[in-house]
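Written below as structure tokens is the structure these notes are about.
Fair warning: this is a prediction, and the values are worked out from it, not measured in the lab. The basis for the numbers below is simple: all heavy atoms, side chains too, and nothing from hydrogens, waters or symmetry mates.
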Amino acid sequence: AHPGDSASRAIHLKSGTVIEGRALDVTRDAVVVEFAGVHGSRGTLKRGDVLPSDFFDLLLENLDPKTADDWLGLAKEAAALGLHTDRMWSLQNAARLDEKRAPDIQKDIDACRNACSDLRLSVAQGFLDAGELERARKFLKEVMNEYRGCIAVEKAKALAKTIDENLENEREKASKILDERRR
């Protein structure tokens, strides 16, 4: 939030630019902003220009969901933005408010959890391919701990085993090199 103005906030763009201002209107496609410090100014930011997490936060603030249908609509927006965690959270709120549809919503939550665990697994694989074993290990632990019951957990365990073997091999190599130097 912008100091001194509770309605102002930082809006992060994909380009790296941060805009300070107050959201006047939020639609599914754009945000109309009044820039901080320039009373009466207006600018429109396209949905594709704003970081997905910031756009979701703006939608959440604007919609102020109170019904299960509101939360389900927000979950759809989160899915469109690629925000699995926000989608799961929205679906959980919808299920809490509508017990009759909760079993169907739970199926969506499970599908979302699987997609999220696959995404985290692919990030871990990318770190592994880049040789960043500790970062890969961190993501794999998250998959194994936070996404129990998901399909990706078994793959994560296999990758974690590979990382542990690689780390052990590196330690052995380092130990041999150190022993050789000492001799």
Side-chain angles (χ1 to χ4, degrees), residues 1 6-7 9-16 18-19 23 25-31 33 45-130 132-163:
S6 62
R9 68 184 324 259
I11 301 172
H12 298 84
L13 304 182
K14 289 179 180 177
S15 66
V18 178
I19 294 178
D25 186 32
V26 181
T27 66
R28 305 272 188 237
D29 300 320
V31 179
V33 178
L45 306 171
K46 294 179 185 174
R47 174 185 181 133
D49 294 338
V50 180
L51 281 181
S53 57
D54 276 16
F55 196 83
F56 180 81
D57 289 344
L58 289 165
L59 281 173
L60 178 63
E61 290 169 14
N62 188 55
L63 185 58
D64 189 26
K66 291 180 178 36
T67 67
D69 289 330
D70 290 344
W71 283 108
L72 290 171
L74 208 52
K76 284 182 183 179
E77 291 300 324
L81 292 166
L83 302 172
H84 298 293
T85 304
D86 290 322
R87 180 176 177 222
M88 279 188 281
W89 176 67
S90 298
L91 289 169
Q92 288 167 346
N93 284 315
R96 183 178 46 81
L97 292 172
D98 190 345
E99 292 179 13
K100 290 180 182 178
R101 292 192 287 176
D104 291 332
I105 294 171
Q106 186 59 47
K107 290 177 186 174
D108 289 341
I109 292 170
D110 293 340
C112 186
R113 287 185 78 239
N114 277 316
C116 192
S117 67
D118 283 340
L119 178 66
R120 299 255 191 267
L121 185 64
S122 68
V123 169
Q125 182 66 54
F127 285 136
L128 183 60
D129 293 344
E132 297 183 45
L133 302 181
E134 286 302 322
R135 290 179 83 183
R137 186 188 238 175
K138 175 185 166 194
F139 273 87
L140 292 173
K141 282 183 181 178
E142 182 181 332
V143 170
M144 291 185 287
N145 293 331
E146 301 293 326
Y147 296 95
R148 290 186 184 122
C150 292
I151 299 167
V153 170
E154 292 305 315
K155 294 176 186 175
K157 287 179 181 177
L159 277 177
K161 183 179 178 186
T162 301
I163 289 172

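Salt-bridge annotation for Lys138 and Glu132: absent, with no side-chain N of the basic residue lying under 4.0 Å from a carboxylate O of the acidic one.
Note: Thr162 OG1 to Leu128 CG = 7.0 Å, rounded to the nearest 0.5 Å. Atom CG of residue Asp49 and atom CG of residue Asp54 lie 12.5 Å apart, to the nearest 0.5 angstrom. Note that CG of Leu60 is 12.5 Å distant from CZ of Phe55, once rounded to the nearest 0.5 Å. We find the CG-CG distance between Leu91 and Asp104 to be 11.5 Å, quoted to the nearest 0.5 Å. Taking SG of Cys116 as the start and CG of Leu121 as the end, the distance is 11.5 Å to the nearest 0.5 Å. Going from atom CG of Leu140 over to atom CG of Leu133 covers 10.5 Å, rounded to the nearest 0.5 Å.
A search for side chain to side chain contact (heavy atoms under 4.5 Å, CB included) contacts involving Gln92 returns Ile109, not counting sequence neighbours.
Legend: side-chain hydrogen bond (donor to acceptor under 3.5 Å, both in side chains) pairs involving residues 146-159, not counting sequence neighbours: none detected. Among residue pairs with one or both ends in residues 71-109, those qualifying as ring-ring contact (aromatic ring centres under 6.0 Å, His included) are Trp71-Trp89; sequence neighbours excluded. Screening residues 103-126 for ring-ring contact (aromatic ring centres under 6.0 Å, His included) gives no qualifying pairs among residues at least two apart or on separate chains. Residue pairs meeting the side-chain hydrogen bond (donor to acceptor under 3.5 Å, both in side chains) criterion with at least one member in residues 110-122, sequence neighbours excluded: Gln106-Asp110, Arg120-Glu142. Applying the ring-ring contact (aromatic ring centres under 6.0 Å, His included) test to residues at least two apart or on different chains, the pairs with a partner in residues 92-127 are Phe127-Phe139.
Side-chain contact check for Ile11 versus Val18: every heavy-atom pair is 4.5 Å or farther apart. At a threshold of 4.5 Å between non-hydrogen side-chain atoms, the residues Val31 and Arg47 do not count as touching.
Using modelled atom types, no side-chain atom of Arg137 and backbone atom of Ile163 make a donor-acceptor pair closer than 3.5 Å. Panel note: side chain Asp86, backbone Ala78; no donor-acceptor pair is recorded below 3.5 Å.
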Inset, instruction - Evaluate the side chain to side chain contact (heavy atoms under 4.5 Å, CB included) criterion for residues Leu83 and Thr85: first the C-alpha distance (whole Å), next the side-chain angles of each, then the deciding distance (0.1 Å), finally the verdict. - result: CA-CA 6 Å; Leu83 302 172; Thr85 304; over 6 Å; no
Inset, instruction - Test Gln125 against Leu159 for side chain to side chain contact (heavy atoms under 4.5 Å, CB included), laying out the working first. - result: CA-CA 8 Å; Gln125 182 66 54; Leu159 277 177; 3.3 Å; yes
Inset, instruction - Could you walk me through whether Asp98 and Arg101 pass the salt bridge (Lys or Arg N to Asp or Glu O under 4.0 Å) test, one step at a time? - result: CA-CA 6 Å; Asp98 190 345; Arg101 292 192 287 176; 2.5 Å; yes
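The heavy-atom pair separating Thr67 from Leu97 by the smallest distance is C-CD1, 3.8 Å. The shortest non-hydrogen separation linking Asp70 to Lys66 is OD2-N, 3.2 Å.
Residue-environment remark: CG (Leu63) exceeds the threshold of 12 foreign heavy atoms within 6.0 Å.
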